[in-house]
J.: 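Quick one: structure below, then a few questions.
Small disclaimer: the values here were computed from a predicted structure and weren't measured. Every chain is numbered from 1, with letters handed out A, B, ... down the list of sequences. What you see below is based on every heavy atom in this structure, not just the backbone, and it leaves out hydrogens, waters and symmetry mates.
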Amino acid sequence: MEAEVLSKNEELLKRALYRERQARFKAEDILEKKTKELYVVVEHLKKQITDRIEAEKVIKRNQAQMIQSEKMAGLGQLAAGVAHEINNPVGFVTSNLQTLKKYSLSIKKMISEYDSLVSSVQSKDIEKSVSFLTELAKTKEKEDIAYILDDLDNLVKESIDGTNRVKEIVKGLKSFARLDEAEMKEADINEGIESTLKIVWNEIKYKCEVIKKLSPLPMIVCFPGQLNQVFMNLIVNAAQAIQEKGTLTIESFVEKEDIVIRFTDTGSGIKPENLEKLFNPFFTTKAVGKGTGLGLSVSYGIIKKHKGDIFVESQVGVGTTFTIKLPMKGAAL
Amino acid sequence: MEAEVLSKNEELLKRALYRERQARFKAEDILEKKTKELYVVVEHLKKQITDRIEAEKVIKRNQAQMIQSEKMAGLGQLAAGVAHEINNPVGFVTSNLQTLKKYSLSIKKMISEYDSLVSSVQSKDIEKSVSFLTELAKTKEKEDIAYILDDLDNLVKESIDGTNRVKEIVKGLKSFARLDEAEMKEADINEGIESTLKIVWNEIKYKCEVIKKLSPLPMIVCFPGQLNQVFMNLIVNAAQAIQEKGTLTIESFVEKEDIVIRFTDTGSGIKPENLEKLFNPFFTTKAVGKGTGLGLSVSYGIIKKHKGDIFVESQVGVGTTFTIKLPMKGAAL
Amino acid sequence: MKGVIFSIFNEMIEEKFGLELWDRMIEETKPVSKGIYTSAQSYHESELFSYVGLLSKETGISVEDLVRTFGHFTLIKLSKLYPDFLVKDFKEFLKTIDSVIHAEVKKIYPDAGLPSFTYEDPAPNQLVMIYKSPRKLCHLAEGLIAGAAEHYQTKHKLSQTKCMHLNDPHCRFELTIGE
Amino acid sequence: MKGVIFSIFNEMIEEKFGLELWDRMIEETKPVSKGIYTSAQSYHESELFSYVGLLSKETGISVEDLVRTFGHFTLIKLSKLYPDFLVKDFKEFLKTIDSVIHAEVKKIYPDAGLPSFTYEDPAPNQLVMIYKSPRKLCHLAEGLIAGAAEHYQTKHKLSQTKCMHLNDPHCRFELTIGE
């Protein structure tokens with residue numbers, strides 16, 4: 001009996017030992033599996049990190065290149081635009097001046113003949129004087145003095161107009177050069193719109209009729225050059241959105257505490273799914289190489305820096321409106 | 001005896017069970033500790049990843065800003081430079097034209113008086129004709145016709161010179177606008193140097209005398225605008241390195257298979273420790289806001305793209321020489 | 001249900017009733033786990049319910065009392081295994097169960113099915129604990145609380161004013177701490 | 001030395017000599033581990049050496065032979081625990097030990113002190129394994145190789161031409177595989 005009991009106990013203990021050992025094996029097995037699994041996760045995460053580090057290096061490298069190409073594109077655009085704008089007036093002024101040079105010769109010749117006449121009159125030699133007249137009339141005819149005298153003023157006036165146009169462009173450039181200014185200034189937004197229009201005129205004139213509805217605005221403290229950059233982006237974008245010919249309406253007015261500037265084009269419009277991404281850096285719907293997609297995000301940044309706001313509404317096939325609101329109380333930027 | 005043996009077995013089993021259970025506890029404990037530890041590691045790695053993602057966003061944001069400010073700086077510089085260059089000739093051409101307008105009036109008045117004389121001569125009224133002479137001489141005196149006739153050609157010639165200068169600038173701009181070109185072209189490096197000099201002239205003329213030693217070069221296939229950008233960077237850098245007044249010598253010549261272009265300034269020189277970092281992106285010794293430190297790294301990139309090389313030698317207090325070597329066999333870029 | 005609970009239950013049965021009963025419980029209830037438990041795994045709570053049901057039949061003690069006793073035993077065991085979680089006093093300890101202890105358990109066993117506790121703290125010597133669990137083990141919770149009170153040598157009165165077994169949406173323990 | 005080796009040693013002793021001897025071995029050699037082994041940990045190899053020394057004294061079998069036998073036993077056990085590592089044939093398996101099996105072990109137990117194997121493969125039916133380990137357990141390796149040969153039911157001849165016990169810098173096993 002005693003032996004039997006003990007033997008039963010032994011059986012119990014053996015079973016308990018078996019269970020315990022199996023439990024240990026299970027625990028050890030789970031430990032190994034989990035460790036392995038976590039090893040994989042950790043390796044994966046580490047790889048993600050090294051991948052990101054690589055990607056960041058690429059971003060930095062690309063950054064330099066992108067800056068370069070943006071800068072080049074901008075400079076090229078400006079240089080080409082200015083060259084084109086100046087070329088025409090300078091061309092005809094030069095040509096007028098060449099004509100004036102010829103006219104000058106003719107006039108001198110004429111006057112020297114007149115002076116010969118004067119000499120003969122002075123010597124009271126009426127026969128000789130009269131005979132000069134034929135000569136004179138011939139020269140006058142030959143040199144087309146009547147036309148010259150008639151044309152002279154036109155040429156000079158036209159040339160002055162030409163040089164004035166160049167001067168206007170120079171003024172526009174100077175105003176545009178204020179882009180570079182690091183300091184805030186009082187400025188008239190309408191003036192900024194006007195001078196920006198002058199700069200980009202060459203680029204947009206074939207595609208859009210520009211309708212200006214600019215109400216008088218109070219001066220505001222701002223970075224005028226930066227705002228001009230925003231205007232330029234919006235104007236050029238509008239022109240690019242127009243397929244053949246269209247209208248760009250630029251309005252400015254005061255509304256409550258804000259100056260509102262609105263650019264409405266009759267271009268192709270923006271798809272709703274793109275509308276919300278519009279101000280993201282590097283978002284562009286333009287073909288590769290046609291734009292870095294920075295214009296609007298930079299504009300957004302500039303407007304935010306001025307404590308203002310920029311909105312867009314658009315309907316595909318109808319057009320797009322960008323609205324900028326700038327607080328008049330210049331805000332301590 | 002039997003009972004004793006069994007009892008001993010029971011003891012053995014109990015001890016084995018105890019050890020087994022302890023081993024299980026140990027395994028379980030290690031599993032928990034390891035899991036916890038790995039949890040921490042994984043969290044840490046995940047945080048590293050999210051941190052990087054944040055950092056990348058910042059980089060992208062900054063990138064947009066940097067591009068913006070670089071572009072602005074470049075545009076401002078160009079616009080201001082061009083405006084300044086054009087302003088002067090256009091100014092005096094306009095002023096000359098105003099003068100010509102007055103001269104035209106005087107000449108017309110004079111000629112109309114001459115014509116009165118002609119009429120009286122025609123009617124053979126010698127007395128009347130003679131009396132006109134006094135009038136004529138008075139007008140001639142009053143309108144300073146002698147001076148006008150003398151000055152006329154000068155004015156026109158000077159004005160033509162002025163418009164020609166503007167035309168030259170326009171030509172320079174057009175050449176500079178080729179910056180934007182994406183295609184390779186045959187180009188004359190010397191021409192690129194000359195047109196770049198024109199663009200930056202305004203910025204450097206007060207500080208450096210430029211000595212050009214340009215030997216005739218064969219045309220090479222290249223991105224001419226990009227090379228002009230390199231030249232511009234080096235020329236502007238040289239001018240900035242000069243404290244008050246100095247010399248920039250620009251040489252070009254053929255050496256073996258290469259075209260060599262060398263810019264030597266008498267500026268302040270570069271410290272040896274900076275020399276090796278010079279071509280790194282974002283390295284700059286200029287004050288904050290004065291330069292992004294991209295110019296030379298971008299130049300380096302452009303020259304490398306042309307399969308060429310760019311070197312720098314410098315001695316503090318003496319000056320700096322940048323040497324560019326471009327293979328003439330344009331290389332399949 | 002976490003394996004550590006089964007492991008402790010095993011220990012309790014061995015300690016209080018002997019290995020023979022534990023062996024027999026496994027024999028008779030035929031658990032899927034075959035009675036092999038490790039804290040590294042979870043097991044179905046029905047295994048525990050079967051053991052307790054059998055034990056109640058054998059001993060004549062009610063299931064509720066057995067579960068409560070087991071809760072008490074479990075807390076004492078756990079307090080030895082994880083002394084770091086035994087913060088300064090009884091009330092503080094009870095308040096850390098949900099936010100600290102269960103949070104830590106989740107880190108190690110993300111798939112652990114833990115009850116939720118929310119608290120009301122109406123007075124310094126009072127605490128309301130609201131227990132929610134699909135397992136409806138409020139008696140276990142009660143025993144755990146009692147075990148904690150013993151560990152902290154703190155007197156407490158507990159009245160359960162709501163119970164999921166009475167179709168309440170949760171169980172509500174109202175504790176008065178101290179004499 | 002990894003706990004799994006001790007755990008298998010324990011099993012071997014129980015299986016071949018009974019629980020009594022295993023219990024006595026622990027009693028007499030007084031290991032730091034108290035004979036409590038889990039694969040989750042490492043233990044000092046001196047514990048194994050003590051057991052084997054005692055066993056040799058008790059049985060009159062040489063330590064080398066015991067270690068070899070243990071290696072054989074271990075491989076058969078491991079092949080059941082980790083069947084995935086048993087690649088297509090004997091030779092291939094031996095060649096994966098260093099680069100695959102030990103690499104995997106390292107992932108789970110980065111601190112495991114594993115021997116290194118390098119190989120020479122002079123002919124299809126030959127393989128040279130060069131064993132290096134501060135533990136100098138070439139007889140264990142030999143037993144493991146024999147165990148693997150049994151698993152693959154592949155005949156082999158092994159001659160050890162260098163041995164760290166003879167002050168060689170490493171042990172060199174030259175195997176001829178097949179009849």
J.: Side chain, backbone, both or neither: which part of D:Gln41 has a non-hydrogen atom closer than 4.5 Å to chain A?
T.: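 Interface part for D:Gln41: neither.
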
J.: May I ask you to check whether over 12 heavy atoms, not counting those of D:Glu58, lie within 6.0 Å of atom CD?
T.: yes

J.: Hey, are the side chains of A:Tyr39 and D:Pro110 touching, using non-hydrogen atoms and a 4.5 Å cut-off?
T.: no

J.: Counting only heavy atoms not in D:Lys106 (residues, nucleotides, ligands), do more than 12 fall under 6.0 Å from its NZ?
T.: yes

J.: Would you tell me whether D:Ser39 and A:Arg24 have side-chain atoms, one donor and one acceptor, within less than 3.5 Å of each other?
T.: no

J.: How far apart are the C-alpha atoms of D:Lys107 and A:Glu43, what are their side-chain angles, what is the distance that settles it, and do they pass the salt bridge (charged side-chain N to carboxylate O under 4.0 Å, His left out) test?
T.: CA-CA 10 Å; D:Lys107 285 183 188 172; A:Glu43 288 300 301; over 6 Å; no

J.: Heavy-atom count check: over 12 atoms from other residues, nucleotides or ligands less than 6.0 Å from D:His165 NE2?
T.: yes

J.: With a sphere of 6.0 Å drawn around CZ of D:Phe17, does it hold more than 12 non-hydrogen atoms of other residues, nucleotides or ligands?
T.: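 More than 12 heavy atoms, drawn from other residues, nucleotides or ligands, come within 6.0 Å of this atom.
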
J.: Check this for me: does any side-chain nitrogen of one of A:Arg21 and D:Glu11 sit under 4.0 Å from a carboxylate oxygen of the other?
T.: no

J.: Looking just at side-chain N and O atoms, do A:Glu32 and D:Tyr82 make a donor-acceptor pair shorter than 3.5 Å?
T.: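 Present: a donor and an acceptor within the cut-off.
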
J.: Does atom CG of D:Asp121 have more than 12 heavy-atom neighbours, drawn from other residues, nucleotides or ligands, at distances under 6.0 Å?
T.: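 Enclosed.
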
J.: To the nearest 0.5 angstrom, please state how far the CD1 atom of D:Ile108 sits from the CG atom of A:Leu31.
T.: 8.5 Å

